[in-house]
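Following: one structure in structure tokens, then a few remarks.
One-based numbering, in listed order, for ligands and for the atoms of each.
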Amino acid sequence: MSAPLVLGIETSCDETSAALLRGEQELLSQVILSQDVHQVYGGVVPELASRAHVRVIDEVVDSALRQAGVRLADVDLYAVTAGPGLIGALLVGVAWAKSAAWANEKPVVGVHHMEAHLFAASIEQPRAQPPFVGLLVSGGHTLLLWVPEWGVYEKLGETRDDAAGEAFDKTAKILGLGYPGGPVIERTARQGESRAHALPRPMLASNQRPDDADYYDFSFSGLKTAVATRVRELTADGRLEAETPNLAASFQSAVVETLVAKTMRAVEQKDCRRVVIGGGVAASGALRAALKEALGPDGELYHPSHRLATDNGAMIARAGLFRHLRGEHASLRLGARPDLPFPGMISRA
Ligand code: KG4
Ligand code: ZN
């Protein structure tokens with residue numbers, strides 16, 4: 001029997017995506033529709049997101065099926081993001097997947113969005129397998145994990161306030177660069193000098209010890225405030241426009257250095273030089289380059305390609321397949337949970 005054909009559906013935030021994955025690695029098709037309605041607001045407006053998902057979900061799935069050359073009846077498993085995310089947005093995908101599963105008499109699996117981000121790299125890179133140190137950096141979450149095997153996640157650190165991607169988005173807004181912040185900050189930073197502005201490296205004191213509570217934790221809201229203060233000063237001096245590239249570069253390097261330093265602490269403590277990154281911020285070329293350099297020639301860094309780093313249906317299909325093979329199917333009572341707990345998460349040993 002050939003490997004199961006999985007339809008992955010993602011609607012947790014502002015991307016509507018569907019993908020067809022055969023087995024763990026054969027990505028037959030993927031369609032991602034990013035909602036541009038939020039750009040004028042500088043952030044995602046939940047109600048507009050839900051309405052946009054409803055409008056396009058049929059078309060997105062149809063187009064994924066067409067590109068893969070398969071029919072809905074060929075799908076063996078429906079995998080859908082059940083949380084965390086925006087409740088109205090999540091419900092669109094969950095209701096769609098449950099109806100299709102019921103009509104076609106196939107199983108449905110509810111997937112945790114962040115566990116899916118962790119699986120993303122492994123779709124294209126078979127060696128991105130446990131044991132590894134995992135760094136999940138998205139618009140809503142920042143998590144540093146020890147992953148001895150799939151399904152077992154030791155939480156080493158997390159953000160105390162803003163997520164890494166959120167820091168990029170808010171800083172871009174402060175700098176008047178638009179939404180989403182990560183890509184535009186990265187582009188702007190290329191024209192700037194990263195040491196031009198001295199910004200804080202949050203929670204990075206060198207005297208922290210491994211058993212300190214903040215050894216692995218992150219905090220990015222102070223950094224954003226530091227940028228806002230510089231912006232006020234530069235505006236008063238009439239130098240904001242000229243200094244924006246320098247400020248973007250200084251901000252980006254403060255975030256990247258903090259993420260890399262904490263990840264390397266985990267690498268040393270766990271004595272494991274394999275690192276897997278996931279989430280939208282894993283699309284950052286600056287982060288990838290800095291991690292690669294810190295890990296050195298005997299280190300292994302696995303990151304998803306650009307289309308699998310930000311929100312996508314393929315990673316949902318991949319994580320759904322894992323849960324399916326463990327027999328963890330949902331019933332038609334599957335609901336969406338904005339605060340869905342990370343499955344298999346254990347606290348720091
Ligand atoms: O994983 P994702 O697509 O959605 C969530 O689950 O939140 O992540 C989106 C986040 C946004 O905050 C965006 O600014 C950030 O990923 N991002 C980046 C880059 N590309 C996207 N951050 C830094 N550098 C990038 N190149
Ligand atoms: Zn995401």
Kindly confirm or rule out an N or O of [X] lying under 3.5 angstrom from an N or O of ligand 1.
X      : value
Gly139 : yes
Gly165 : yes
Thr310 : no
Pro180 : no
Ala309 : no

Could you list the cluster mates of Met315? Members are the ILVMFWY residues connected by side-chain heavy atoms closer than 4.5 Å, either directly or through other members. Val111, Ile316

Measure the distance from [atom] to every protein heavy atom, then report the residue, atom name and distance (to 0.1 Å) of the closest one.
atom                    : value
atom 18 (C) of ligand 1 : Gly182 CA, 3.4 Å
atom 3 (O) of ligand 1  : Asp311 N, 3.0 Å
atom 21 (C) of ligand 1 : Gly280 O, 3.3 Å
atom 26 (N) of ligand 1 : Glu186 OE1, 2.9 Å

Would you check if there is a donor-acceptor pair between the side chains of [Y] and [X] at a distance under 3.5 Å?
X      : Y      : value
Tyr302 : Arg274 : no
His53  : Asp14  : no
Asp161 : Ser219 : yes
Asp36  : Gln39  : no

Proximity flag Gly140 to ligand 1, non-hydrogen atoms under 4.0 Å: yes

With a 4.0 Å cut-off on heavy atoms, is His113 in contact with ligand 1? yes

So the side chain to side chain donor-acceptor pair (under 3.5 Å) pairs with at least one residue in residues 180-191 (sequence neighbours excluded) are none

Can you tell me which residue pairs pass the side chain to side chain donor-acceptor pair (under 3.5 Å) test with a partner in residues 138-148, sequence neighbours excluded? none

Check for me: within less than 2.8 Å of the Zn ion (ligand 2), which protein N/O/S atoms show up? His113 NE2, His117 NE2, Asp311 OD1

Specify side chain, backbone, both or neither for Gln252, according to which of its non-hydrogen atoms lie closer than 4.0 Å to ligand 1. neither

Side chain, backbone, both or neither: His141 near ligand 1, heavy atoms under 4.0 Å: neither

Is there a side-chain contact between Gln208 and Arg265 in this structure, where contact means two heavy atoms from C-beta onward sitting under 4.5 Å apart? yes

Under 4.0 Å from a heavy atom of Asp169: which atoms of ligand 1 are those, numbered in the order shown and with their elements? 11 (C), 12 (O), 13 (C), 14 (O)

